[in-house]
Amino acid sequence: MIERPDVDALMEGELGQFLQRQVTVREVARESTRGRFVICAAIALPILGFVWFSPLGDFRFFISALIAMGAWWWSRIPVNKAKKQTKSGINAAIAQALGLDYRHDCHEGHGFLRAKTHKMFPSHDRAKFEDLWWGEMAGKPFSLHEAHLEEQRGSGKNRRWVTVFRGPVITIGFARQFHGTTLVERAGRHTKLLFFGEKDTLKVGGQILQKADMVHPDFEDAFTVFTSDQTEARYLVHPAYIERLIALENAFRGKDIKTLFKDGELTIVLKSGDMFESGHLDHNRDREMVETCVNQFMAMADLCAQLNEAER
């Protein structure tokens with residue numbers, strides 16, 4: 001198992017010193033944001049008065065919403081920057097204690113592209129990424145980053161961006177090589193035409209995967225397995241493995257977990273919402289936020305390590 005970082009040691013060391021310096025930074029950011037709200041009110045209110053007494057019809061709602069969103073965004077820049085600095089400092093310290101590297105801003109990685117190729121995400125029109133952790137964990141290559149996927153829906157004035165996925169994308173080197181490709185996901189995701197049962201085959205990543213007939217029929221109520229190697233799939237997806245998938249979902253109040261075994265790597269995708277948000281404006285909550293982040297990461301790391309056990 002992975003050794004858990006000592007929160008007390010972190011708070012007494014460089015991280016604690018960094019957070020003490022951030023107290024002033026966050027207070028200045030709050031004052032700056034309050035000042036910006038005053039400026040926005042002084043400028044926006046006369047403009048909104050003119051807009052609402054002008055013959056613009058329904059267009060007034062659009063202009064008003066645009067002004068309000070712009071004012072909110074500009075006013076919040078200082079506090080958002082301070083929160084990002086605090087979060088990055090906390091997460092980097094935790095990563096260092098785990099022997100990993102951390103970066104807040106990142107791009108789509110190898111794990112995301114592989115998961116996308118194998119249809120592990122819903123349809124989306126734009127993607128954002130953050131919180132990249134990478135290095136070796138328990139002697140195996142490891143990377144994790146969060147993905148936020150959105151789809152544009154509606155038209156005209158009703159056009160909007162809707163979040164269709166938010167959660168971690170994890171890639172770890174597996175303890176054994178694979179002969180085939182095996183995809184495990186919640187049952188009922190790929191249905192036949194007119195929704196008459198699940199598909200028997202799935203074309204992903206340039207391959208045609210067959211639905212596996214698992215030895216344990218109870219699996220089919222919760223999960224479906226598509227594979228290019230039926231024998232290997234039955235070895236990999238055993239009762240303890242399914243229990244750990246469910247445990248990983250429960251640990252993060254997540255859902256729709258999916259795992260992919262391919263080319264000696266295990267890729268895990270979990271829809272769980274925003275994670276590792278350790279930045280906070282209230283310095284009295286710093287230790288709480290550090291502990292929360294450690295708990296989140298360790299729960300995920302421990303369960304991923306169990307998913308990656310070498311032999312049964």
Side-chain angles (χ1 to χ4, degrees), residues 1-7 9-11 13-15 18-19 22 83-116 120-121 127-149 165-175 244-245 247-249 251-254 257-260 262 264-280 286-308:
M1 299 295 284
I2 301 150
E3 186 175 352
R4 180 187 180 88
D6 186 330
V7 174
L10 288 171
M11 295 301 292
E14 293 183 6
L15 175 58
F18 165 77
L19 290 174
Q22 286 297 109
K83 289 172 67 175
K84 179 179 175 180
Q85 287 177 347
T86 304
K87 168 186 169 179
S88 295
I90 290 174
N91 291 356
I94 294 171
Q96 184 178 19
L98 289 164
L100 300 173
D101 291 305
Y102 171 83
R103 185 167 63 239
H104 181 277
D105 299 322
C106 62
H107 301 287
E108 61 185 19
H110 163 71
F112 176 82
L113 294 174
R114 171 165 282 183
K116 183 177 180 180
M120 297 170 74
F121 298 114
K128 300 176 184 177
F129 308 95
E130 65 180 23
D131 293 334
L132 171 64
W133 311 66
W134 80 97
E136 281 198 359
M137 186 170 290
K140 302 292 188 299
F142 171 91
S143 71
L144 179 155
H145 72 287
E146 287 190 81
H148 181 198
L149 311 180
F165 175 89
R166 189 163 200 162
V169 181
I170 310 160
T171 302
I172 50 179
F174 206 72
R244 289 163 187 167
L245 286 184
L248 188 54
E249 280 188 331
F252 296 94
R253 299 176 183 175
I257 192 169
K258 306 175 188 70
T259 59
L260 174 70
K262 185 178 177 67
E265 288 184 338
L266 174 63
T267 301
I268 305 169
V269 168
L270 174 64
K271 191 174 184 179
S272 65
D274 212 358
M275 294 175 58
F276 308 123
E277 291 302 307
S278 51
H280 201 279
D286 282 346
R287 194 190 189 286
E288 173 194 342
M289 302 308 292
V290 172
E291 192 154 15
T292 296
C293 188
V294 168
N295 289 340
Q296 283 186 330
F297 197 91
M298 290 308 300
M300 178 169 288
D302 288 346
L303 287 166
C304 286
Q306 291 175 37
L307 292 178
N308 195 9

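Just so it is clear, the model here is predicted, and its values are computed rather than measured. Residues: numbered from 1 along the sequence shown. Below, each value reflects all heavy atoms present in this structure, side chains not excepted, and no hydrogens, waters or symmetry copies.
With sequence neighbours left out, Ala92 forms a side chain to side chain contact (heavy atoms under 4.5 Å, CB included) with Tyr102. Contacts of Lys262 classified as side chain to side chain contact (heavy atoms under 4.5 Å, CB included), with partners at least two apart in sequence or in another chain: Arg114, His118, Thr181, Gln207, Leu260. Partners of Arg4 according to the salt bridge (Lys or Arg N to Asp or Glu O under 4.0 Å) rule, which considers only residues two or more places apart in sequence or in another chain, do not exist here. For Glu291, the side-chain hydrogen bond (donor to acceptor under 3.5 Å, both in side chains) criterion is met by Arg287, not counting sequence neighbours. With sequence neighbours left out, Met289 forms a side chain to side chain contact (heavy atoms under 4.5 Å, CB included) with Ser278, His280, Arg285. Residues passing the side-chain hydrogen bond (donor to acceptor under 3.5 Å, both in side chains) test with His145, sequence neighbours excluded: none. Listed by chain and number, the residues in a side-chain hydrogen bond (donor to acceptor under 3.5 Å, both in side chains) with Thr86 are Gln22 (sequence neighbours excluded). By the side-chain hydrogen bond (donor to acceptor under 3.5 Å, both in side chains) test, Lys116 is found to be paired with no residue, residues two or more places apart in sequence or in another chain being considered.
Leu149 has its side chain within reach of Phe112: a pair of non-hydrogen atoms, C-beta onward, lies under 4.5 Å apart. A heavy-atom distance below 4.5 Å is found between the side chains of Phe121 and Val169. Under the 4.5 Å side-chain criterion, counting only non-hydrogen atoms from C-beta, His104 is in contact with Asp131. Proximity of Gln96 to Pro5: side-chain heavy atoms (C-beta onward) are nowhere separated by under 4.5 Å. Side chains of Leu98 and Phe142 form no contact here, defined as non-hydrogen atoms less than 4.5 Å apart.
If you take NZ on Lys258 and CD1 on Ile268, they are separated by 12.5 Å, rounding to the nearest 0.5 Å. Atom-to-atom distance recorded for His107:NE2 and Leu113:CG is 12.5 Å, nearest 0.5 angstrom. To the nearest 0.5 Å, atom CG of residue Leu100 and atom CG of residue Leu132 are 10.0 Å apart. Note that the NE2 atom of His110 and the CD atom of Glu265 stand 3.5 Å from one another [nearest 0.5 Å]. Between the CG atom in Leu144 and the CH2 atom in Trp133 there is a gap of 8.0 Å [rounded to 0.5 Å].
Considering every non-hydrogen atom in both Gly89 and Phe18, the closest pair reads CA-CE2, 3.6 Å. Scanning both residues, Phe129 and Ala127, for their nearest heavy atoms gives CZ-CB, 3.7 Å. Ala115 and Val269 get closest at one heavy-atom pair: CB-CG2, 3.8 Å. Across all their heavy atoms, Pro168 and Ser272 have their closest contact at CD-OG, 3.2 Å. Shown here for Ile90 and Leu15, the closest heavy-atom pair between the two residues is CA-CD1, 3.8 Å.
Counting heavy atoms of neighbouring residues, nucleotides and ligands inside a 6.0 Å radius, atom CD of Gln85 exceeds 12 of them.
The one candidate from Leu270, Leu245, Thr267, Ile170 that meets the side chain to side chain contact (heavy atoms under 4.5 Å, CB included) condition with Thr259 is Leu245.
Annotation: salt bridge (charged side-chain N to carboxylate O under 4.0 Å, His left out) contacts involving residues 101-113, sequence neighbours excluded, comprise Lys84-Asp105.
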